[in-house]
Amino acid sequence: MRTLVTFLTILISSLSFGQNSKTDFSRDLDFVFENLKNTTSYKTQKNKQKNVASKFNELKKQTSNLSVIESYLKLYELIDEITDFHNDIYGNSETFSYNDLKDEAFLNKIKTSSDYNFYPKSKMNLDSLESELSKRKTSDYEGIYYHQNYFKIAIVKRPDNLLEGIILETKIPSWDRGEIMLYFLPKQDNRFRIFAGKFIDKNLFSSIDCFVNGEFKTSKWQKEIQKINYYNASFPDQKFAYKNLNDSFNYVKVSSFNSSNEGIEEATNFYNEISEKLTTKNLIVDLRNNNGGGDKSSSQFYKLFKRFNGKIYVLVNFYTVSNAEQFVIKMKKHKNVVILGDNTRGMLTYGRNYDEDKQMPSKNFRIYFSDLKDNWKQYLKYEETGLNPEIHLTSDKDWVEQIIDKYSR
């Protein structure tokens with residue numbers, strides 16, 4: 001008990017976002033507010049416009065002594081009043097590669113530059129912290145996490161309900177032991193908004209994450225490094241794949257509906273390759289890790305699968321996003337279709353059709369907001385929560401094998 005009390009005392013006394021870098025938060029807030037009002041999601045969600053105005057006025061009163069990190073989180077408080085996960089704010093520092101860090105002079109510049117050196121340093125005893133958090137269960141949010149072999153961090157809950165990730169070990173020289181490189185803001189149903197620095201160049205980014213079996217899925221922080229990951233799509237080196245699994249099952253993997261000219265051509269070539277091969281009575285359509293795109297690419301597959309006379313089993317996971325989620329919603333309307341796997345991301349109601357992002361007045365951040373709203377009323381109820389599959393699959397066995405075992409006759 002004494003160890004726990006000491007641990008909490010140290011945690012509370014060490015809370016800090018760092019005050020070494022200030023931003024012109026007020027001007028950035030005005031900029032985000034005006035641009036948010038021009039988005040399709042703001043214009044269509046009229047019932048939330050008063051909430052946006054109220055949050056803006058609230059934040060306007062909190063403009064003194066804000067660090068880069070604090071400003072970043074508060075700007076997201078404003079845009080998250082609107083239900084649209086396509087609206088992004090991210091860091092504006094110069095990007096660089098891992099090879100750049102091999103230059104000692106360049107590395108020293110990164111270490112001392114305020115453009116990268118705004119992440120606070122924890123004041124906690126990191127050895128004691130690691131010892132305490134190593135006792136946490138797999139099901140606990142708190143604990144010791146790894147990103148492959150490059151990072152080892154401690155994720156700990158703060159009294160303000162944020163989770164913060166403190167570096168214990170790193171092989172990336174732009175980061176140091178003790179730096180707080182990420183924060184998780186709890187949402188609902190094991191979902192979080194993550195605010196973090198990129199692994200190499202430390203640029204800020206935010207996304208929606210989900211905690212499943214000791215892993216934060218989007219950011220890929222794991223309590224145990226998995227040698228075999230059944231959660232992700234099969235054949236990871238192939239964007240598209242067709243397999244005749246046995247006399248009863250065909251398998252089709254589509255991991256992108258990219259609607260660039262190149263993406264459409266690639267998808268169409270695969271469509272032409274498989275259009276006459278789907279001859280078994282069961283078809284597995286693997287949409288895990290499909291990062292979306294557009295109907296110009298996906299509609300041909302929808303028409304193909306709609307013509308299939310047998311049973312269709314559609315695999316989805318948290319990495320099934322945007323147009324891929326829309327595709328699944330259309331598929332599930334057919335009686336011969338079963339959706340299996342895990343909840344999708346819930347990032348599908350709106351979209352972006354332009355290439356231009358915008359720099360904020362402080363020059364610390366950039367915005368990239370949505371401008372598409374096709375069929376938004378149909379999809380809004382899935383935004384933030386995602387599509388819940390009819391059958392949830394466990395991650396202790398290959399998902400394709402689970403389908404074959406369950407539905408082979």
Side-chain angles (χ1 to χ4, degrees), residues 35-49 51-52 79-88 187-189 191 207-208 210 252 254-261 263-264 267-268 271 285-308 312 314-356 367-390:
N35 279 274
L36 184 62
K37 289 190 292 184
N38 290 325
T39 63
T40 54
S41 49
Y42 177 88
K43 293 176 181 178
T44 54
Q45 296 178 39
K46 298 183 184 300
N47 61 320
K48 295 192 174 182
Q49 292 176 2
N51 294 344
V52 174
I79 69 170
D80 277 350
E81 289 293 332
I82 294 294
T83 307
D84 181 3
F85 283 162
H86 274 93
N87 287 334
D88 276 344
K187 304 291 279 185
Q188 75 283 329
D189 299 329
R191 290 178 175 237
S207 185
I208 296 301
C210 182
V252 172
V254 183
S255 63
S256 175
F257 291 136
N258 187 316
S259 286
S260 66
N261 290 336
I264 294 172
T268 301
Y271 166 86
V285 177
D286 196 343
L287 296 181
R288 289 176 291 175
N289 300 67
N290 186 311
N291 56 7
D295 287 342
K296 291 181 179 179
S297 179
S298 63
S299 60
Q300 58 192 330
F301 293 105
Y302 176 69
K303 293 175 183 177
L304 175 64
F305 299 148
K306 191 170 66 170
R307 295 196 302 265
F308 185 78
I312 300 178
V314 180
L315 284 172
V316 297
N317 63 8
F318 190 69
Y319 307 127
T320 306
V321 180
S322 195
N323 186 255
E325 295 179 275
Q326 296 176 357
F327 185 92
V328 175
I329 290 170
K330 288 188 287 187
M331 288 290 294
K332 76 187 294 275
K333 294 177 181 178
H334 299 281
K335 294 181 180 180
N336 64 328
V337 174
V338 180
I339 313 299
L340 308 94
D342 194 17
N343 282 60
T344 62
R345 180 74 58 87
M347 185 178 167
L348 69 159
T349 310
Y350 303 95
R352 297 183 293 223
N353 194 39
Y354 61 92
D355 295 328
E356 181 185 4
I367 63 169
Y368 191 14
F369 287 170
S370 63
D371 68 333
L372 294 176
K373 59 175 182 178
D374 295 344
N375 301 310
W376 69 273
K377 290 183 179 179
Q378 177 184 354
Y379 300 127
L380 185 58
K381 66 180 180 180
Y382 299 104
E383 191 78 10
E384 295 190 352
T385 60
L387 179 71
N388 189 23
E390 298 163 62

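Residues meeting the side-chain hydrogen bond (donor to acceptor under 3.5 Å, both in side chains) test with T44, sequence neighbours left out: Y350.
Between the CD atom in E81 and the CD atom in Q49 there is a gap of 12.5 Å [rounded to 0.5 Å]. Atom CD of Q45 and atom CG of N51 lie 10.5 Å apart (nearest 0.5 Å).
Without hydrogens or angle criteria, N290 side chain to V254 main chain gives a donor-acceptor distance under 3.5 Å. In this structure, E390 contributes its side chain and V338 its backbone to no donor-acceptor pair below 3.5 Å. At least one donor-acceptor pair under 3.5 Å links the side chain of E325 to the backbone N or O of S322. Listed for the D189 side chain is no donor-acceptor partner under 3.5 Å among the backbone atoms of R191.
Using cut-offs of 30° and 60° on the angle between ring planes, the pair Y302 and H334 is tilted.
Side-chain atoms of N258 and S256 include no donor-acceptor pair closer than 3.5 Å. Side chains of D84 and S370: a donor-acceptor N/O pair is present below 3.5 angstrom, by distance only. Checked by atom type, the side-chain pair E383/T83 shows no donor-acceptor distance below 3.5 Å.
Of all non-hydrogen atoms in T344 and F318, the two that sit nearest each other are O-CD1, 4.0 Å.
Between R288 and D286 there is a salt bridge, since a side-chain N of the basic residue sits under 4.0 Å from a carboxylate O of the acidic one.
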F369 and L36: side chain to side chain contact (heavy atoms under 4.5 Å, CB included), yes or no, with the steps? CA-CA 7 Å; F369 287 170; L36 184 62; 4.2 Å; yes
Walk me through whether N323 and S298 qualify under side chain to side chain donor-acceptor pair (under 3.5 Å). CA-CA 8 Å; N323 186 255; S298 63; 2.9 Å; yes
